[in-house]
Peer 1: 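Pasting in a structure now, in structure tokens, and then I'll have a few things to ask.
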Amino acid sequence: MSSPLEWSLVEGPIPVALTVVSALLVIVLSWTRRTRWWTRAAPICVAVAVAVTAGLRWVIEDVAAPFPDRLPWSLYGWVGLTVLTVALAVARVGSARWTGRVLLAFGMVLSVVIGAAKVNEFFDQYTTLRAVLGPLVSPQADFASVRGKDGWLVRSGRGKPLADVWHAPAGMPDRGAVSTVEIPSSGGFGPRAAWLYLPPAYLVSPRAELPVLVLLSGQPGTTRDWLDGGHLADMLDDFARAHQGLAPVVVMPDILGSYAANPLCLDSRLGQVETYLAKDVPAWIQRSLAVTDDHRRWAVGGFSLGGTCSLQLAVRAPEVYRSFVDLSGQREPTLGGREQTVAAAFGGDQAAFARVNPLDILAAAKFPGSAGFVAVGRQDETYRPQQRTVSEACRAAGMEVRYEEVDGGHSWKAWRPAFQRSLPWLATKTELTG
């Protein structure tokens with residue numbers, strides 16, 4: 001039997017059980033024969049749930065606007081049901097004895113947990129309890145013990161991929177190492193700590209001279225999202241087992257500054273994020289890690305906002321990132337609309353925005369040495385047409401482009417399989433395999 005830490009939170013019996021429990025909570029908390037309850041308390045609870053949900057939706061969609069697109073009504077439905085359950089419990093507290101109040105408090109906490117679980121089920125972010133607990137239960141290496149800047153590197157050469165000249169030494173670990181690191185900014189941006197994946201072939205002596213993959217999160221997001229929602233370490237460990245321990249070194253830097261911020265991966269009034277990703281992060285990688293300095297073997301990728309950002313870097317810094325993976329990205333950097341974006345980031349200067357907008361750059365320049373893997377969920381009606389536009393623009397600008405659609409919407413249900421499909425393509429482009 002598998003550990004409870006590995007039980008699925010997004011499919012199977014647990015989501016079904018949570019739905020049943022949520023329904024039972026509402027029934028139990030609503031049931032009474034008192035007429036006054038049905039004529040006064042219950043309608044007030046419903047009104048509170050509707051008002052709070054509507055207010056929250058207004059704040060999320062029209063005031064804070066942390067998401068570039070509107071969230072589905074089903075998510076707000078679960079929010080409303082959670083608020084209703086809590087309101088019903090509060091309405092019963094006054095007439096309950098102390099044991100009843102304890103049970104009511106437990107019911108309120110349980111309803112909030114269920115509501116959060118249902119929102120998570122939609123985004124498919126935390127698929128297991130292990131992912132929820134993150135670094136508290138997942139293995140993490142001290143970066144100082146695994147960085148290994150010095151030592152003999154096995155290099156590919158004369159057009160041969162690394163896999164053709166690499167032979168795994170005895171004692172190579174079966175899994176890669178995950179560490180957290182600080183990658184400082186040269187100014188104008190305050191990044192959070194980054195995460196790092198080092199494959200087995202990096203952790204031995206001699207080690208392979210591995211390619212670099214910089215992976216970026218969506219928004220809202222954290223720098224651990226690729227590890228928790230993307231199952232990155234497990235996916236790359238599996239890839240490495242099939243390739244004598246070879247896989248890219250993966251760096252997951254911050255692109256937001258805080259959970260819900262969106263500085264657009266640009267150098268603008270919102271922060272100097274492009275400089276951070278195109279100069280500071282690469283400089284730290286080459287200063288701190290024993291990896292290839294051939295940027296033809298470097299790639300950048302991301303999902304949602306991170307996908308948009310990877311496209312931006314591919315056209316703004318092709319000398320650093322020759323290949324990119326764009327999963328469900330947007331056709332241009334946005335805070336919800338062109339005018340809103342230009343006003344916030346460039347003080348209304350449309351020309352300044354056009355100078356950094358990927359589609360405008362692609363229309364005016366050629367990128368014959370660059371390559372992109374562009375993918376999106378078939379059920380993602382918002383981003384699917386945008387990804388088609390992006391792939392066509394890249395192809396017209398001379399890039400080698402692979403476009404794919406996978407099952408799923410705008411969530412990890414699409415991004416995980418899409419990224420897995422990109423791995424053989426990335427391995428070829430970064431000369432890891434032939």
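Each residue takes its place number in the sequence, starting with 1. These numbers come from a predicted model, not from an experiment.
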Peer 1: Sequence neighbours excluded, which residues qualify as side chain to side chain donor-acceptor pair (under 3.5 Å) partners of Arg402?
Peer 2: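 By the side chain to side chain donor-acceptor pair (under 3.5 Å) rule, Arg402 matches Glu404.
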Peer 1: Taking atom CD of Gln350 as the centre, does the number of heavy atoms from other residues, nucleotides or ligands within less than 6.0 Å exceed 12?
Peer 2: yes
Peer 1: Decide yes or no for Val401 and Glu392: does some side-chain heavy atom of the first lie under 4.5 Å from some side-chain heavy atom of the second?
Peer 2: no
Peer 1: How about Ser217 and Thr223: do any of their side-chain heavy atoms sit closer than 4.5 Å?
Peer 2: no
Peer 1: Determine the minimum heavy-atom distance between Phe239 and Ala427, stating which atoms define it.
Peer 2: CZ-CB, 3.7 Å
Peer 1: Hydrogens and angles aside, do Tyr403 and Glu405 bring a side-chain donor and acceptor to less than 3.5 Å of each other?
Peer 2: yes
Peer 1: Quick one: does Trp195's side chain have a donor or acceptor within less than 3.5 Å of a partner on Val251's backbone?
Peer 2: no
Peer 1: Side-chain contact, heavy-atom cut-off 4.5 Å: Leu84 with Cys45?
Peer 2: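 Of all side-chain heavy-atom pairs linking Cys45 with Leu84, at least one is under 4.5 Å.
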Peer 1: Apply side chain to side chain donor-acceptor pair (under 3.5 Å) to Ser185 and list each qualifying residue two or more places apart in sequence or on a separate chain.
Peer 2: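 Not a single residue meets the side chain to side chain donor-acceptor pair (under 3.5 Å) criterion with Ser185.
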Peer 1: When you compare the side chain of Ile285 with that of Ile183, does any pair of heavy atoms fall below 4.5 Å?
Peer 2: no
Peer 1: Examine distances only and state if a side-chain atom of Arg416 and a backbone atom of Gly230 form a donor-acceptor pair shorter than 3.5 Å.
Peer 2: no
Peer 1: Quick check on Glu319: does its CD atom have over 12 non-hydrogen neighbours (other residues, nucleotides or ligands) under 6.0 Å away?
Peer 2: yes
Peer 1: Kindly indicate whether the side chain of Leu196, heavy atoms from C-beta on, has any atom under 4.5 Å from the side chain of Val178.
Peer 2: no
Peer 1: Classify the side-chain pair Thr308/Gln330 by whether it contains a donor and acceptor separated by less than 3.5 Å.
Peer 2: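 Indeed, the side chains of Thr308 and Gln330 share at least one donor-acceptor pair under 3.5 Å.
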Peer 1: Looking only at the side chains, is there a donor atom on one of Asp326 and Ser310 sitting less than 3.5 Å from an acceptor on the other?
Peer 2: no
Peer 1: Looking at every non-hydrogen atom in both residues, tell me the closest pair between Thr292 and Pro211 and how far apart they are.
Peer 2: CG2-CA, 3.8 Å
Peer 1: Go through Leu227 and Met252 one step at a time and tell me if the side chain to side chain contact (heavy atoms under 4.5 Å, CB included) criterion holds.
Peer 2: CA-CA 9 Å; Leu227 295 169; Met252 293 158 272; 4.1 Å; yes
Peer 1: Tyr197 versus Leu215: any side-chain heavy-atom pair under 4.5 Å?
Peer 2: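 A side-chain contact is absent here, since even the closest heavy-atom pair is not under 4.5 Å.
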Peer 1: In Å, rounded to the nearest 0.5 Å, how long is the span from CG of Leu266 to CZ of Phe353?
Peer 2: 7.5 Å
Peer 1: Quick check for you: to the nearest 0.5 Å, what is the distance between Leu213 atom CG and Leu432 atom CG?
Peer 2: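 CG of Leu432 is found 11.0 Å from CG of Leu213.
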Peer 1: For Ser186 and Asp280, which I'm curious about, is there any donor-acceptor pair between the side chains at under 3.5 Å?
Peer 2: yes
Peer 1: Measure from the side-chain N and O atoms of Thr39 to the backbone N and O of Arg36, and report whether any donor-acceptor pair falls under 3.5 Å.
Peer 2: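 Confirmed, Thr39 side chain pairs with Arg36 backbone.
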Peer 1: Using a strict cut-off of less than 4.0 Å between a Lys/Arg side-chain nitrogen and an Asp/Glu carboxylate oxygen, indicate whether Lys279 and Glu274 qualify as a salt bridge.
Peer 2: no
Peer 1: Taking all heavy atoms of Leu256 and all of Asp254, pick out the closest pair and write down the distance.
Peer 2: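 Scanning both residues completely, I find the closest heavy atoms to be N-OD1, 3.1 Å.
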Peer 1: For Arg338 and Val342, what are the C-alpha separation, side-chain angles and deciding distance, and is it a side chain to side chain contact (heavy atoms under 4.5 Å, CB included)?
Peer 2: CA-CA 6 Å; Arg338 173 71 72 91; Val342 174; 3.8 Å; yes
Peer 1: So, for Ala141 and Val146, which heavy atoms are closest and what is the spacing to 0.1 Å?
Peer 2: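 What the structure gives for the nearest pair is CB-CG1, 4.0 Å.
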Peer 1: Taking only residues two or more places apart in sequence or in another chain, which ones pass side chain to side chain contact (heavy atoms under 4.5 Å, CB included) with Arg322?
Peer 2: Arg296, Ser370
Peer 1: Rounded at 0.5 Å granularity, tell me how far CG in Leu362 sits from CZ in Arg395.
Peer 2: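 Rounded to the nearest 0.5 Å, the CG-CZ separation comes to 12.0 Å.
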Peer 1: Please report the C-alpha distance between Asp174 and Arg241 in whole Å, then the side-chain angles of each, then the deciding distance to 0.1 Å, and finally whether the side chain to side chain contact (heavy atoms under 4.5 Å, CB included) criterion is met.
Peer 2: CA-CA 7 Å; Asp174 186 52; Arg241 289 188 196 101; 3.1 Å; yes
Peer 1: Does one side chain, of Gln125 or Asp225, offer a donor that lies under 3.5 Å from an acceptor on the other?
Peer 2: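 Distance-only check passes for Gln125 and Asp225.
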Peer 1: Quiz question: by atom type and distance under 3.5 Å, do the side chains of Thr19 and Lys118 form a donor-acceptor pair?
Peer 2: yes
Peer 1: Looking only at side chains, do Glu61 and Tyr76 share a donor and an acceptor under 3.5 Å apart?
Peer 2: yes
Peer 1: Within the distance-only criterion (no hydrogens, no angle test), does the side chain of Gln379 pair as donor or acceptor with the backbone N or O of Gly408 below 3.5 angstrom?
Peer 2: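 Checked: pair present.
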Peer 1: A cation-pi test, strictly: NZ or CZ of Arg33 under 6.0 Å from the centre of the six-membered ring of Trp38 and no more than 45 degrees from its axis. Yes or no?
Peer 2: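 No, Arg33 and Trp38 do not form such a contact.
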Peer 1: Salt bridge or not between Lys429 and Glu400? Use side-chain N to carboxylate O under 4.0 Å.
Peer 2: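 Yes, this pair counts.
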Peer 1: I want to check something: taking the side chain as every heavy atom from C-beta on, are Phe373 and Ser323 in contact at a cut-off of under 4.5 Å?
Peer 2: no
Peer 1: Which heavy atom of Leu289 sits nearest a heavy atom of Tyr202, and at what distance?
Peer 2: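 Nearest pair, atom of Leu289 first, then Tyr202: CA-OH, 3.6 Å.
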Peer 1: For the side-chain contact (heavy atoms from CB on, under 4.5 Å) test, which of Val113, Thr82, Val86 pairs with Met108?
Peer 2: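 Among the candidates, only Val86 passes.
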Peer 1: If you measure from OG1 on Thr180 to CZ on Arg224, what distance do you get to the nearest 0.5 Å?
Peer 2: 9.0 Å
Peer 1: On a heavy-atom basis, which atom in Asn262 and which in Leu270 lie closest, and how many Å separate them?
Peer 2: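 What the structure gives for the nearest pair is O-CD1, 3.8 Å.
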Peer 1: Using a cut-off of 6.0 Å, state whether more than 12 heavy atoms not belonging to Arg378 lie near its atom CZ.
Peer 2: yes
Peer 1: Would you please name every residue forming a side chain to side chain contact (heavy atoms under 4.5 Å, CB included) with Tyr259, sequence neighbours left out?
Peer 2: Arg192, Pro220, Thr222
Peer 1: Taking the side chain as every heavy atom from C-beta outward, state whether Ile255 and Leu305 have any atom pair closer than 4.5 Å.
Peer 2: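 With C-beta onward as the side chain, the pair touches.
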Peer 1: Measure the OG1-CG distance between Thr85 and Leu24 for me, rounded to the nearest 0.5 Å.
Peer 2: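 Answer rounded to 0.5 Å: 11.0 Å.
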Peer 1: Is the Trp425-Phe324 ring centre distance short of 6.0 angstrom?
Peer 2: no
Peer 1: Any chance you could lay out the salt bridge (charged side-chain N to carboxylate O under 4.0 Å, His left out) test for Asp380 and Arg384, step after step, and finish with the verdict?
Peer 2: CA-CA 6 Å; Asp380 192 344; Arg384 188 158 55 93; over 6 Å; no
Peer 1: Say you draw a straight line from CH2 of Trp37 to CD1 of Ile44; how long is it, rounded to the nearest 0.5 Å?
Peer 2: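 If I round to the nearest 0.5 Å, the distance is 10.0 Å.
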Peer 1: Could you work out, with side chain to side chain donor-acceptor pair (under 3.5 Å) as the rule, every residue matching Asp142, not counting sequence neighbours?
Peer 2: none
Peer 1: Given side chain to side chain contact (heavy atoms under 4.5 Å, CB included), test Gln386 with Glu332 step by step and report yes or no.
Peer 2: CA-CA 9 Å; Gln386 296 186 55; Glu332 66 182 29; over 6 Å; no
Peer 1: Please state whether the rings of Trp412 and Trp415 are parallel, tilted or perpendicular, taking 30° and 60° as the class boundaries.
Peer 2: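 Plane angle over 60°, so perpendicular.
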Peer 1: Return yes if some donor-acceptor pair links the side-chain N/O of Ser22 with the main-chain N/O of Ile114 below 3.5 Å, else return no.
Peer 2: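 No.
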Peer 1: Side chains of His410 and Ser304 only: does a donor on one sit below 3.5 Å from an acceptor on the other?
Peer 2: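 Yes, Ser304 and His410 have a side-chain donor paired with an acceptor closer than 3.5 Å.
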Peer 1: Can you list everything that forms a side chain to side chain contact (heavy atoms under 4.5 Å, CB included) with Ala23? Sequence neighbours excluded, please.
Peer 2: none
Peer 1: Would Arg130 count as a cation-pi partner of Trp7, with NZ or CZ less than 6.0 Å from the six-membered ring centre and within 45° of the ring normal?
Peer 2: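 Not satisfied by the 6.0 Å and 45° rule.
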